[in-house]
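In what follows, a structure is listed as structure tokens, so that the remarks can point back to it.
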Amino acid sequence: MDVSIVIPVYNEEESLPHLHAAIETALAGLTRTWEVIYVNDGSRDQSQTALEKLAAQDPARVCVVEFRRNFGQTTAVAAGIDHARGDVIVFLDADLQNDPADIPMILDKLDEGYDVVSGWRKNREDNALTRNLPSHMANWLISKVTGVHLHDYGCTLKAYRREVITGFRLYGEMHRFIPVYANAIGAKMLEVPVRHHARQFGKSKYGLERTVKVVLDLIAVQFLTRYSAKPIYLFGGGGIAMFAAGFAGLLFLAVRKLIIQVDILTSPIFIIAVLLALMGFQSILMGLIAELLVRTYHESQQKPTYTLRKVIRG
Ligand code: UDP
Ligand code: MG
């Protein structure tokens, strides 16, 4: 199988027939073999019936994965990856906001030697104030913090070579950070503008509360990609800094006492310095525990601490 298209579906009954027709039209001219994996994320409308109808019409190409309840878009994406058989995995929204007609262009770009081709909704058809503005800020922040510069992390339409997305698990709302993980394992990435349409049917499943989750996920992703192999550099680094500051404070108080006889306990510096030293010490210990956990993580799963592109021998 060349291409798997993975689509999370939550209450999108009206869109589905149009979506599938658009995919068929878009991919009709391709010489590649392809399949569509629809993951029904516990929809409460008639999405499942619609999906089963599509599967009955084209059993060779349509796979429907039905969740028992709503687990969220990230989990749906993860299940889609687990069921995909293609060498290339393309993600798409079910609501017709992404345009399947962009897929052939994206596949061509992958053929040029990229591991990830990321869609960018250059002319985005969503509410400017509640959607586009927070999204702009989030993209700026994620790019700044991770060093992976993309204009549009939130755009679902992205294509990946299988090898760069099967090595890790997705939790929380993490699907938008897949490019960061892919970059961390050394994937070659390209960003291309794609079409975007206003929602025709149903309504968006998200509101502003998503912004908070994105910020928290960003912290987690940054920690995992930077320090998951060496957590003590983070905990220990902070710990040593705090310990040193505390020590310096106490030293200052002791010297002052010796030279100008000011009582140590008269100054708030005392309690601050003691706290800093204690917290620094704790943080170093926490780093050591994290080191143990990392070893359990890598060794119990026989996970190497590196990722390979290829090995040539003989
Ligand atoms: N979705 C999902 N589970 C959820 C919420 C959303 O599978 O809990 C799907 C939804 O059906 C759509 C995609 O994720 O295919 C993106 O959702 P939506 O269009 O609501 O997000 P927006 O485009 O407004 O950011
Ligand atoms: Mg949408």
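Start at 1 and go down the list; that is how both ligands and their atoms are numbered. Because only heavy atoms are used, hydrogens play no part in the values below, and waters and symmetry mates are left out as well, while side chains stay in. Keep in mind the model is a prediction, meaning the values are calculated, not measured. We're numbering straight along the sequence, starting at 1.
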Tell me: protein heavy atom nearest [atom], and distance?
{"atom": "atom 1 (N) of ligand 1", "answer": "Tyr10 CB, 3.7 Å"}
{"atom": "atom 21 (O) of ligand 1", "answer": "Tyr206 CD1, 3.4 Å"}
{"atom": "atom 19 (O) of ligand 1", "answer": "Asp95 OD2, 2.5 Å"}
{"atom": "atom 6 (C) of ligand 1", "answer": "Lys205 CG, 3.5 Å"}
{"atom": "atom 10 (C) of ligand 1", "answer": "Glu12 OE2, 3.2 Å"}
{"atom": "atom 3 (N) of ligand 1", "answer": "Asp41 OD2, 2.6 Å"}
{"atom": "atom 24 (O) of ligand 1", "answer": "Ser204 OG, 2.6 Å"}
{"atom": "atom 7 (O) of ligand 1", "answer": "Pro8 CB, 3.3 Å"}

#### Entry: Contact check: Arg124 vs ligand 1, nitrogen or oxygen atoms, below 3.5 angstrom
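No: no nitrogen or oxygen of Arg124 is under 3.5 Å from one in ligand 1.
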Taking N or O atoms only and a 3.5 Å limit, does Ala94 qualify as a polar contact for ligand 1?
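By distance alone, the answer is yes.
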*Selected option - heavy-atom contact closest to atom 16 (C) of ligand 1, from Asp126, Thr75, Asp93*: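 It is Asp93 whose heavy atom sits nearest to atom 16 (C) of ligand 1.
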Any idea which of Arg176, Gln73, Arg131 brings a heavy atom closest to atom 25 (O) of ligand 1?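 Looking at heavy atoms only, the winner is Arg131.
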Which of parallel (below 30°), tilted (30 to 60°) and perpendicular (above 60°) describes Tyr153 and Phe177?
-> tilted
Inset, instruction - Please work out which of the three classes, parallel, tilted or perpendicular, describes the rings of Phe201 and His18, given edges at 30° and 60°. - result: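 Correct class here is parallel.
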N/O/S from Gln97 sitting under 2.8 Å away from the Mg ion (ligand 2) = yes
Does any donor atom in the side chain of [X] or [Y] lie under 3.5 Å from an acceptor atom in the other side chain?
{"X": "Arg124", "Y": "Ser135", "result": "yes"}
{"X": "Glu173", "Y": "Thr74", "result": "no"}
{"X": "Asn40", "Y": "Ser43", "result": "yes"}
{"X": "Arg161", "Y": "Tyr114", "result": "no"}

Under 6.0 Å between the ring centres of His20 and Tyr38?
yes
Ligand-side contact atoms (ligand 1) for residue partner [X], heavy atom cut-off under 4.0 Å:
{"X": "Gln97", "answer": "19 (O), 23 (O)"}
{"X": "Arg210", "answer": "25 (O)"}
{"X": "Arg199", "answer": "18 (P), 19 (O), 20 (O)"}

* Asked: With the threshold set at 4.0 Å, does a side-chain nitrogen-carboxylate oxygen contact exist between Asp108 and Arg32?
  ->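 A salt bridge is present here (some side-chain N lies under 4.0 Å from a carboxylate O).
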Between Lys205 and Glu12, does any side-chain N to carboxylate O distance fall below 4.0 Å? yes
Name of whichever N/O/S atom of Asp95 is nearest to the Mg ion (ligand 2):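 Asp95's closest N, O or S atom to the Mg ion (ligand 2) is named OD2.
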Does a sphere of radius 6.0 Å around CZ in Phe67 hold more than 12 heavy atoms from other residues, nucleotides or ligands, not counting ones at 6.0 Å or beyond?
yes
query = Does atom CG of Leu141 have more than 12 heavy-atom neighbours, drawn from other residues, nucleotides or ligands, at distances under 6.0 Å?
reply =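 Buried by this count: over 12 neighbours within 6.0 Å.
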*At the 4.0 Å heavy-atom cut-off, does His175 count as touching ligand 1?*
no
